[in-house]
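Just so you know, ligand 1 is whichever comes first in the structure, and atom 1 is the first atom listed for that ligand. No experiment lies behind these values; they were computed from the predicted model shown.
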Amino acid sequence: MGMWGKRDDMVVHGREPFNAEPPAAALAGAAVTPVDAFYSRNHGPVPRLDPAGWRLTVDGLVARPLRLTLDALRSRFDATEATVTLQCAGNRRTDLTSVRAIPGETPWGPGALSTARFRGARLADVLDRAGIAPDAAHVAFHAPDVSASADPPQPYEVSVPRDRALAPDVLLAWAMNGAPLPPVHGAPLRVVVPGWIGARSVKWLTRVTARTTPSDGYFQATAYRLPPAGGDPEGVALGPLPLNCAVLTPADGAVLPSGPAEVTGYALAGEGRTVARVEVSLDGGRAWSRVALEEPAGPGAWQRWRTTLGLPAGDVHVLARAWDSTGAGMPESPASVWNPKGYVTNSWPRVRLHVR
Ligand SMILES: Nc1nc2c(c(=O)[nH]1)N[C@H]1C(S)=C(S)[C@@H](COP(=O)(O)O)O[C@H]1N2
Ligand SMILES: [Mo]
């Protein structure tokens with residue numbers, strides 16, 4: 001077994017902080033990702049919090065501040081379970097680095113997303129118990145892990161707007177896939193915000209603060225934004241995920257015999273949407289054929305797809321694209337969505353096959 005209980009064949013981009021994605025075939029193999037294959041994205045050392053001494057503070061613009069033990073959270077609030085896909089904003093960044101280098105950012109392939117069955121309390125129920133004030137427009141999540149990559153180095157903190165925080169699908173989760181959260185995934189408690197960039201699903205949660213403004217922490221105010229450009233001094237804070245898809249098998253660069261081959265992948269629509277259609281092309285995007293698409297296991301869950309293609313001999317490129325339930329599609333070229341930090345890549349994925 002590899003670091004942090006992960007499979008030996010994880011693609012490890014960094015050991016400290018630990019950043020790793022599952023090999024594509026392992027990701028493709030299950031609708032709910034086994035915990036030992038679940039990607040992990042960390043900005044600092046993994047804190048080891050003692051569950052007995054741990055408390056969750058709920059404060060800020062609330063009528064009744066709370067300080068909860070894990071037992072209190074589990075016994076005083078209804079538990080709910082949901083199958084949710086987390087996707088890092090850096091997923092598929094390597095497609096953008098094929099256009100231009102993105103120095104200092106992890107070169108994630110298509111595996112910076114994974115799916116788990118999360119169990120926890122609804123954040124809305126906890127905020128309701130605390131009596132969130134009408135002027136609390138944002139809810140911040142604070143954790144103790146200190147990132148040296150932040151400027152200045154600081155503990156992890158981000159926020160979500162009030163409406164997102166009060167939606168019934170946002171969880172304070174203590175378990176994934178039927179077992180307590182392991183340390184690398186946020187033990188003892190993490191936030192799960194379905195359909196939003198993974199950065200908002202804060203691990204090792206210790207404090208929830210209702211406030212008038214978004215968090216001014218580095219990971220909200222500076223990172224996880226499209227940087228200022230074109231006369232926009234603020235940049236764009238990333239929140240809801242755009243529609244995305246990827247090919248998982250066969251692997252990019254695979255050598256295959258000509259004839260029928262099974263091609264598999266995933267598609268994921270952001271908050272409030274589902275994937276309506278996925279198509280693949282073998283001729284550079286002139287002709288497309290529709291693939292078989294799984295139903296989503298819940299709001300915010302990915303949808304796997306598969307199809308069989310007749311591969312001609314030669315160098316064959318398989319292109320894929322998805323459409324969501326609003327009719328939105330994906331941009332063709334990585335150049336059209338290139339940005340200096342390499343976030344939310346959703347150009348048409350392409351695998352190159354050598355067919356003999
Ligand atoms: N406290 C804390 N929470 C965090 C992070 C972190 O570094 N510290 N990384 C975020 C990012 S960018 C992502 S994509 C997800 C990754 O969650 P995972 O490691 O469970 O896959 O956690 C988010 N929550
Ligand atoms: Mo992320």
Fill in: Identity and distance of the protein heavy atom lying nearest atom 10 (C) of ligand 1
Tyr156 OH, 3.6 Å
Discussion item. Quick check: closest heavy atoms across Trp54 and Leu70, and the distance to 0.1 Å?
Written reply: CZ3-N, 3.7 Å
Practice prompt. Can you sort out which atoms of ligand 1 are near Cys88, meaning under 4.0 Å from one of its heavy atoms?
Written response: 14 (S)
Practice prompt. Please name the pair of heavy atoms, one in Thr83 and one in Ala301, separated by the smallest distance, quoted to 0.1 Å.
Written response: O-CB, 3.6 Å
Item to complete: Specify whether Trp4 and Phe18 have parallel, tilted or perpendicular ring planes, treating 30° as the upper limit for parallel and 60° as the lower limit for perpendicular.
Response: tilted
Fill in: Protein residue, atom and distance nearest to atom 9 (N) of ligand 1, heavy-atom basis
Arg41 O, 3.4 Å
Worksheet entry | Check: Asn42 N/O within less than 3.5 Å of ligand 1 N/O | no
Practice prompt. Within a distance under 4.0 Å of any heavy atom of Ser40, pick out the atoms of ligand 1 and give their elements.
Written response: 19 (O), 21 (O)
Item to complete: Say whether Asp324 and Thr326, considering side chains only, have a donor N or O and an acceptor N or O under 3.5 Å apart.
Response: yes
Worksheet item: To the nearest 0.5 Å, what is the distance between CH2 (Trp338) and OG1 (Thr97)?
Response: 10.5 Å
Worksheet entry | Full working for side-chain hydrogen bond (donor to acceptor under 3.5 Å, both in side chains) between His43 and Arg41 | CA-CA 7 Å; His43 295 81; Arg41 169 65 173 121; 3.3 Å; yes
Discussion item. Out of Glu21, His185, His142, who is nearest to atom 18 (P) of ligand 1 when you count heavy atoms only?
Written reply: His185
Worksheet item: Thinking salt bridges, do Arg211 and Asp59 make one under a 4.0 Å N-O criterion?
Response: no
Worksheet item: Closest non-hydrogen protein atom to atom 23 (C) of ligand 1, residue and atom name please, with distance?
Response: Gly198 O, 3.2 Å
Worksheet entry | Atoms of ligand 1, numbered as shown, that sit under 4.0 Å from any heavy atom of Phe38 | 21 (O)
Fill in: Nearest non-hydrogen partners of Phe219 and Glu157, listed with the distance
CB-O, 4.1 Å
Worksheet item: Hey, which atoms in ligand 1 end up nearer than 4.0 Å to a heavy atom of Tyr224?
Response: 12 (S)
Discussion item. Give the atom numbers and elements of ligand 1 that come within less than 4.0 Å of a heavy atom of Ser201.
Written reply: 22 (O), 23 (C), 24 (N)
Item to complete: Compare every heavy atom of Ala37 with every heavy atom of Ser114, then report the nearest pair and how far apart it is.
Response: OG-O, 4.2 Å
Worksheet item: Looking at atom 21 (O) of ligand 1, what's its closest protein heavy atom, distance included?
Response: Tyr39 O, 2.7 Å
Worksheet item: Hey, which atoms in ligand 1 end up nearer than 4.0 Å to a heavy atom of Ala143?
Response: 1 (N)
Worksheet item: Regarding Asp78 and Thr80, is there a side-chain donor-to-acceptor distance under 3.5 Å anywhere?
Response: no
Discussion item. Checking the N or O distance criterion of under 3.5 Å, is ligand 1 in contact with Trp204?
Written reply: no
Discussion item. For the 3.5 Å polar cut-off, considering only N or O atoms, please tell me whether His43 and ligand 1 meet it.
Written reply: yes
Worksheet entry | Nearest non-hydrogen protein atom, atom 8 (N) of ligand 1 | Asp145 OD2, 2.7 Å
Discussion item. At under 4.0 Å between heavy atoms, is it the side chain or the backbone of Arg190 that contacts ligand 1, or both, or neither?
Written reply: side chain
Fill in: Trp288/Trp323 aromatic ring centres below 6.0 Å
no
Discussion item. Just to confirm my output: which protein heavy-atom neighbour is closest to atom 3 (N) of ligand 1, and how far is it?
Written reply: Lys203 N, 3.0 Å
